[in-house]
Amino acid sequence: MSGMDMQCFPGLVLALSSLLGALALLQLSLYLRVPSRYGKHEERLCRPRGRLPARCAWFLQELPPRLEPLGCRLLCCLFCWHYFYRTFIYPFFTRGRPFPLQLLFFGMLFCIYNGFLQGYYLIYCAEYPNDWCTDIRFTSGLLLFLLGMGINIHSDLLLRQLRKPGEVTYKIPQGGLFTYVSGANYFGEIVEWFGFAIATWSLPAFAFAFFTLCCIGPRAYHHHRYYLKTFMDYPKSRKALIPFVF
């Protein structure tokens, strides 16, 4: 972009994207057998010493990407749109349990890292033709992004409605995509970021989508196992993450 002192270094983009992919595989290997220690999975594992209220933790964790100079491009706006919801809307309605400080710290580090990578690529490296908004990759990716975000927000709403103010007990999610999977909110976010990756058609975005899958996919799996063990009347036809498949 003209007038920018900073320039694109493809080697840096490749290195950061590769590291993100490696971190995704590490996440998968760590949390496929043992779930990350917060929420419902904290009860049967050792409790962390330091914790923050869920609303404060989600706000702090999701804030860093909004501090990156992402510019005015439409693709950047999609990225910002998600984190605006996660930073300024979701935390103030969530009724989750206190959040471990250790996970909050690593979550913030990841958001800073990924926010820089996506913003740096889109502002300084990405080159799209003038008719990119009519390209099948952009239009299909945008539709997937909007679909995934809609599923994610609707599923969050259904989860919030399960509890009355002050309640911390877990109940069986009902309605929406929860009819088919235990991790409907996670499925929506995975679809969202793969849609973003298709729309941008970039290595950093695909690395981020893969990281999302490896990070929250196992959590959906452990949620599913928790529900099956905890509730005798839990619907046996539900899958963990992907409707009718897994």
Side-chain angles (χ1 to χ4, degrees), residues 13 17 20-21 24 58 62 65-66 68 70-90 93 110-111 114-115 117-161 173-221 223 238-246:
V13 173
S17 300
L20 188 56
W58 277 107
E62 305 296 329
R66 292 195 50 79
E68 297 293 336
L70 295 180
C72 299
R73 297 181 182 183
L74 179 57
L75 292 169
C76 290
C77 290
L78 295 179
F79 188 83
C80 289
W81 186 5
H82 170 90
Y83 281 101
F84 178 85
Y85 166 73
R86 280 296 180 191
T87 304
F88 295 107
I89 299 177
Y90 175 80
F93 290 96
F110 170 76
C111 286
N114 185 58
L117 173 58
Q118 305 303 325
Y120 175 78
Y121 175 81
L122 288 174
I123 293 174
Y124 299 108
C125 299
E127 295 182 1
Y128 297 105
N130 293 331
D131 61 348
W132 181 251
C133 289
T134 61
D135 189 285
I136 185 62
R137 289 167 291 183
F138 177 84
T139 54
S140 60
L142 177 61
L143 288 175
L144 275 178
F145 179 89
L146 296 176
L147 174 64
M149 191 170 197
I151 293 172
N152 186 232
I153 293 175
H154 183 246
S155 300
D156 286 342
L157 174 63
L158 293 176
L159 289 174
R160 286 198 300 270
Q161 292 175 343
Q174 303 288 351
L177 206 64
F178 284 113
T179 305
Y180 305 102
V181 293
S182 300
N185 49 331
Y186 298 125
F187 175 76
E189 187 158 351
I190 291 169
V191 169
E192 186 180 347
W193 289 122
F194 271 99
F196 178 77
I198 295 171
T200 60
W201 206 251
S202 68
L203 178 60
F206 276 106
F208 177 34
F210 180 61
F211 181 92
T212 302
L213 174 64
C214 293
C215 182
I216 63 179
R219 189 156 183 84
Y221 168 72
H223 276 20
R238 285 190 194 180
K239 300 298 184 180
L241 181 63
I242 304 174
F244 311 111
V245 178
F246 171 76

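Considering only heavy atoms from C-beta on, Val13 comes within 4.5 Å of Pro204 through its side chain. Side chains of Leu158 and Pro173 form no contact here, defined as non-hydrogen atoms less than 4.5 Å apart.
The residue from Phe138, Tyr128, Tyr121 that alone fulfils the side chain to side chain contact (heavy atoms under 4.5 Å, CB included) condition with Thr200 is Tyr128.
With sequence neighbours left out, Leu146 forms a side chain to side chain contact (heavy atoms under 4.5 Å, CB included) with Trp81, Leu142. Remark: Phe194 pairs with no residue by the ring pair (Phe, Tyr, Trp, His ring centres under 6.0 Å) rule, at least two apart or across chains. Residues that satisfy the side chain to side chain contact (heavy atoms under 4.5 Å, CB included) test with Leu157, not counting sequence neighbours, are Arg160, Gln161. Every residue two or more places apart in sequence or in another chain that forms a ring pair (Phe, Tyr, Trp, His ring centres under 6.0 Å) with Phe206 is listed here: Trp201. Evaluation of the side chain to side chain contact (heavy atoms under 4.5 Å, CB included) rule for Asp131 yields Pro129, Thr134 as partners, not counting sequence neighbours. Applying the side chain to side chain donor-acceptor pair (under 3.5 Å) test to Asn152 and every residue at least two apart in sequence or in another chain returns Arg86.
For residues 136-146, the pairs satisfying salt bridge (charged side-chain N to carboxylate O under 4.0 Å, His left out) are Asp135-Arg137, with sequence neighbours left out. Pairs of residues two or more places apart, or lying in two chains, never qualify as salt bridge (charged side-chain N to carboxylate O under 4.0 Å, His left out) while including a residue from residues 173-185. For the salt bridge (charged side-chain N to carboxylate O under 4.0 Å, His left out) condition, no pair includes a residue of residues 205-217, sequence neighbours left out.
A pairwise comparison of heavy atoms in Cys111 and Tyr83 identifies SG-CE2, 4.3 Å as the closest pair.
To the nearest 0.5 Å, the span separating CD1 on Ile123 from CG on Leu75 amounts to 11.5 Å. Separating the CD1 atom in Ile153 from the CG atom in Asn185 is a distance of 12.0 Å, to the nearest 0.5 Å. Considering CD of Glu189 and CG of Asp156, their distance stands at 8.5 Å, rounded to 0.5 Å. Rounded to the nearest 0.5 angstrom, His82 NE2 and Thr87 OG1 are separated by 8.0 Å.
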Can you give the donor-acceptor pairs under 3.5 Å from side chains of residues 208-218 to other protein atoms, not counting sequence neighbours?
residue : atom : partner : partner atom : Å
Thr212  : OG1  : Phe208  : O            : 2.9

Which atom pairs, donor and acceptor, lie under 3.5 Å between side-chain atoms of residues 175-184 and protein residues at least two apart or in another chain?
residue : atom : partner : partner atom : Å
Thr179  : OG1  : Gly176  : O            : 3.0
Ser182  : OG   : His224  : ND1          : 2.6
Ser182  : OG   : Tyr234  : OH           : 2.6

Taking distance alone, no hydrogens or angles, what donor-acceptor pairs closer than 3.5 Å link side-chain atoms of residues 239-246 to residues at least two apart or in another chain?
none

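In this structure, Phe196 and Phe145 have tilted ring planes: the angle between them lies in the 30° to 60° band.
One N or O on the side chain of Trp132 and one on the backbone of Ala199 form a donor-acceptor pair closer than 3.5 Å.
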Requested in this report: Evaluate the side-chain contact (heavy atoms from CB on, under 4.5 Å) criterion for residues Val191 and Ile151: first the C-alpha distance (whole Å), next the side-chain angles of each, then the deciding distance (0.1 Å), finally the verdict.
Outcome: CA-CA 9 Å; Val191 169; Ile151 293 172; 5.6 Å; no
